[in-house]
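Comments concern the structure below.
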2 protein chains.
Amino acid sequence: MVKFTSKDVARVAGVAQSTVSYVLTGKRSISEDTRRRVQEAIDQLTYQPNAGARALASQRTSVIGLMVPFSPGIDTAGQLPFIETIASLARAHDYDVLLVTADEGADGLRRLSGRSLTDAIILMDVQVEDERIPLAASLSVPVVLIGIPADSSGLQCVDVDFELAAKLSVEEMVAAQHDRVLFVGYPAELERRQLNYIPRFNASAVAAARRHGLTLEFISPVEPGRTAAREVVARLLPDFGKERLGLVISNSQTMQPILNALIAHGIVPGRDVSVIAHCTDEVAQEAEPPVTNVSLEPREVSRRAIETVFRLLDSKRSRPKEIVDLVPSRLTRRSTVMPPPKGA
Amino acid sequence: MVKFTSKDVARVAGVAQSTVSYVLTGKRSISEDTRRRVQEAIDQLTYQPNAGARALASQRTSVIGLMVPFSPGIDTAGQLPFIETIASLARAHDYDVLLVTADEGADGLRRLSGRSLTDAIILMDVQVEDERIPLAASLSVPVVLIGIPADSSGLQCVDVDFELAAKLSVEEMVAAQHDRVLFVGYPAELERRQLNYIPRFNASAVAAARRHGLTLEFISPVEPGRTAAREVVARLLPDFGKERLGLVISNSQTMQPILNALIAHGIVPGRDVSVIAHCTDEVAQEAEPPVTNVSLEPREVSRRAIETVFRLLDSKRSRPKEIVDLVPSRLTRRSTVMPPPKGA
DNA sequence: TTGTAAGCGTTATCAA
DNA sequence: TTGATAACGCTTACAA
């Protein structure tokens with residue numbers, strides 16, 4: 001397969017090479033006749049501009065770097081909606097996505113920026129103390145964070161509103177008049193990684209509980225999978241029936257195993273215990289049984305991240321002030337929360 | 001952040017610009033003294049070569065294109081191990097990964113190749129009749145397929161050995177002396193997409209069953225999620241206990257819902273029914289209950305795909321003959337298959 | 001409205 | 001072992 005250049009197109013169309021470029025970029029007004037001849041030549045040769053040459057001349061790559069938290073023990077399923085949405089929306093803006101894994105760390109960022117591989121970078125799964133953050137703020141390409149670091153100065157952040165999610169969960173438990181609410185926490189691997197949403201979620205839960213005079217307990221860490229779930233449920237076994245017990249399951253991956261473990265002991269969510277999970281609506285709907293949830297909105301988070309990227313790319317140099325953009329959760333009732341007691 | 005070029009490095013090191021290039025690429029022998037001075041200048045300026053310029057001059061991008069089957073209704077969780085493995089292994093070879101979604105179709109391939117965005121392309125989830133295939137074979141960049149199209153001429157394919165997986169499943173059911181084996185099939189969306197592994201899996205199952213005089217039934221399509229699973233189990237309900245029934249669950253996503261539905265009816269896998277699933281070992285191990293499985297090996301498939309990519313990149317021009325590389329499944333017993341009857 | 005030509009930052013050839 | 005220098009294929013002033 002021979003590859004043609006804009007010079008070839010120019011020759012066929014009988015114009016200057018620069019005219020071909022101007023037809024393509026639209027940065028100059030072109031007579032209708034010329035435009036047509038050039039376009040015909042382009043079609044005839046199935047010409048496409050060379051990306052490297054374009055990047056070199058224009059200082060723009062039309063590529064967005066996406067650093068994803070692939071590493072052992074990560075919530076594998078939860079990442080895909082982010083990646084998918086970012087890839088699709090980037091293309092809608094005529095950008096491509098270069099995928100790098102978080103295990104490259106700060107060096108990865110240095111590489112993307114230093115080699116001018118991308119015009120902007122999106123960082124997923126930012127940690128509280130994250131070596132990439134101070135670097136990110138000093139790069140020549142704009143960086144948008146998904147997640148919130150301890151110090152986000154100079155950077156744009158987008159994240160799920162974990163505070164709201166925790167608050168909604170607690171309030172729903174309060175409304176259903178529970179004596180005791182347990183927060184079933186995150187896998188040790190996630191806690192170790194200092195994802196700041198964990199303290200945000202928990203602190204907000206504590207605050208909301210205090211406001212309503214509710215006692216809160218935290219079980220943590222809890223691994224995903226059946227074994228850990230069975231242990232958690234076994235530990236609670238003596239208390240079911242004695243009191244109105246509510247479980248808030250913080251992590252998507254531990255939800256179904258916990259439900260299974262409950263059911264295995266004949267404990268029916270919505271009758272013998274209340275369960276609220278923090279997960280996407282799709283996951284909640286397809287759970288067994290469908291579980292009342294406060295939503296995660298990975299697609300909306302991604303949409304806003306991409307939007308922020310393009311805002312930054314547009315407003316070259318006039319760096320907009322940093323913001324933390326939180327996507328609110330909605331609570332959807334699916335009958336795993338017990339109705340308030342008869343007497344009420 | 002100022003960006004330095006190899007010219008700057010040359011000035012600082014007191015050498016010609018081309019010498020800097022040669023130090024970096026190692027395509028020329030350099031005196032130890034010069035190399036050191038250049039390296040010091042590089043370190044001092046934290047110089048990194050511009051990717052676009054490099055691609056333009058060298059005709060190599062050091063980027064691999066990965067086309068992934070993101071689209072509504074796809075097995076979201078199952079894709080990630082592929083993507084992750086490919087991204088990591090590419091980096092190990094000093095390549096980056098450009099992610100494009102399959103909804104771009106053949107145009108996406110044309111773009112990657114035509115604009116010289118990538119040195120090679122990996123196509124995931126190839127369909128039987130796939131508009132991208134004839135195009136792929138004619139591109140100037142090598143293409144490796146994950147999945148097998150109707151006509152793979154001129155292309156390298158890597159895939160899970162679905163035939164073997166089906167055969168192992170049937171043989172295990174035969175060994176446990178089942179009267180009747182049901183294959184619980186794939187979601188309609190997957191069947192519609194003409195993924196060739198579906199007929200491969202099913203045909204192999206039929207052939208193996210015939211060899212052993214076993215009757216096979218197929219339930220298909222079966223959507224993922226609780227609703228469809230409950231329907232399937234409800235339909236079978238009259239037959240449990242009357243005969244030795246075996247279920248082979250073809251699709252990872254329908255497995256847990258089916259298990260849940262069985263358990264909800266008091267039907268215990270491994271005692272009242274046999275279940276074998278085709279899924280990764282991780283998923284099988286964490287299922288409730290842990291399920292006997294024939295393995296999917298997404299990481300091994302990805303590893304071989306990347307290996308093939310680099311083989312093709314090395315053997316420029318001397319295009320190796322096309323191959324279909326199948327990754328074998330292993331059967332792992334986890335007690336969801338009933339022991340053979342006492343009398344035996 | 002169009003053409004000419006100077007870069008962009010590398011690689012790689014040709015001399016030395 | 002090293003230095004000049006001509007590509008690489010585009011974008012974008014500067015002229016016309």
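Reckoned from all heavy atoms, side chains included, excluding hydrogens, waters and symmetry mates.
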Going by an N to O cut-off under 4.0 Å, is there a salt bridge joining B:Glu307 and B:Arg304? no
Carboxylate-amine/guanidinium contact A:Arg111 A:Asp107, below 4.0 Å: no
Could you tell me whether A:Arg91 and B:Asp103 make a salt bridge, using a distance below 4.0 angstrom between a side-chain N and a carboxylate O? no
Whole-Å distance between D:dG9 P and A:Leu56 CG? 12 Å
In whole angstrom, give the distance that lies between atom CG of B:Leu24 and atom P of C:dA12. 12 Å
Rounded to the nearest angstrom, tell me the gap between atom CZ in A:Arg11 and atom C1' in D:dG9. 14 Å
Distance check: side-chain N/O of B:Ser21 vs OP1/OP2 of C:dT11, anything under 4.0 Å? yes
May I ask you to decide whether A:Asp314 forms a salt bridge with A:Arg311, counting only side-chain N to carboxylate O separations under 4.0 Å? no
Mark yes or no for whether B:Lys3, through its side chain, and B:Gln48, through its backbone, hold a donor-acceptor pair below 3.5 Å. no
Under 4.0 Å between any heavy atoms, over every strand shown, what does A:Ser116 touch: base, sugar-phosphate, or nothing? Just pick one. nothing
Round to a whole Å and report the spacing from CD of A:Gln48 to C1' of D:dC10. 15 Å
Would you classify B:Ile30 as touching base, sugar-phosphate or nothing, given that sugar-phosphate means primed atoms plus P, OP1 and OP2, and contacts are heavy atoms under 4.0 Å? sugar-phosphate
Under a 4.0 Å threshold between the charged nitrogen and the carboxylate oxygen, would A:Arg36 count as salt-bridged to A:Glu32? no
Separation of A:Leu117 atom CG from C:dG9 atom C1', in whole Å? 14 Å
What's the closest nucleotide to the side chain of A:Gln59 if the choices are D:dC8, C:dC8, C:dT11? C:dC8
Check this one for me: any side-chain N or O of B:Lys27 less than 4.0 Å away from OP1 or OP2 of C:dT11? no
In whole angstroms, the gap separating C1' of C:dT2 from CG of A:Asp33 amounts to 12 Å
Please write out the pairs of protein N or O atoms and N or O atoms of nucleotides 4-7 of chain D separated by less than 3.5 Å, giving the distance to one decimal.
from: D:dA4; atom 1: N6; to: B:Ser18; atom 2: OG; distance (Å): 3.1

By the 4.0 Å heavy-atom rule, please label B:Val15 as base, sugar-phosphate, or nothing. sugar-phosphate
Regarding the side chain of A:Tyr47, the nearest nucleotide among C:dT10, D:dC10, C:dT1 is D:dC10
Please give, in whole Å, the distance from C:dC8 P to A:Asn50 CG? 18 Å
OP1 or OP2 of C:dT1 under 4.0 Å from side-chain N/O of A:Ser31: no
OP1 or OP2 of D:dG9 sitting under 4.0 Å from any side-chain N/O of A:Ser6? no
Would you say B:Ser58 reaches C:dT10's phosphate, i.e. side-chain N/O to OP1/OP2 under 4.0 Å? no
Yes or no on side-chain contact (heavy atoms from CB on, under 4.5 Å) for B:Asn196 and B:Val126, after CA distance, side-chain angles and deciding distance? CA-CA 8 Å; B:Asn196 95 326; B:Val126 162; over 6 Å; no
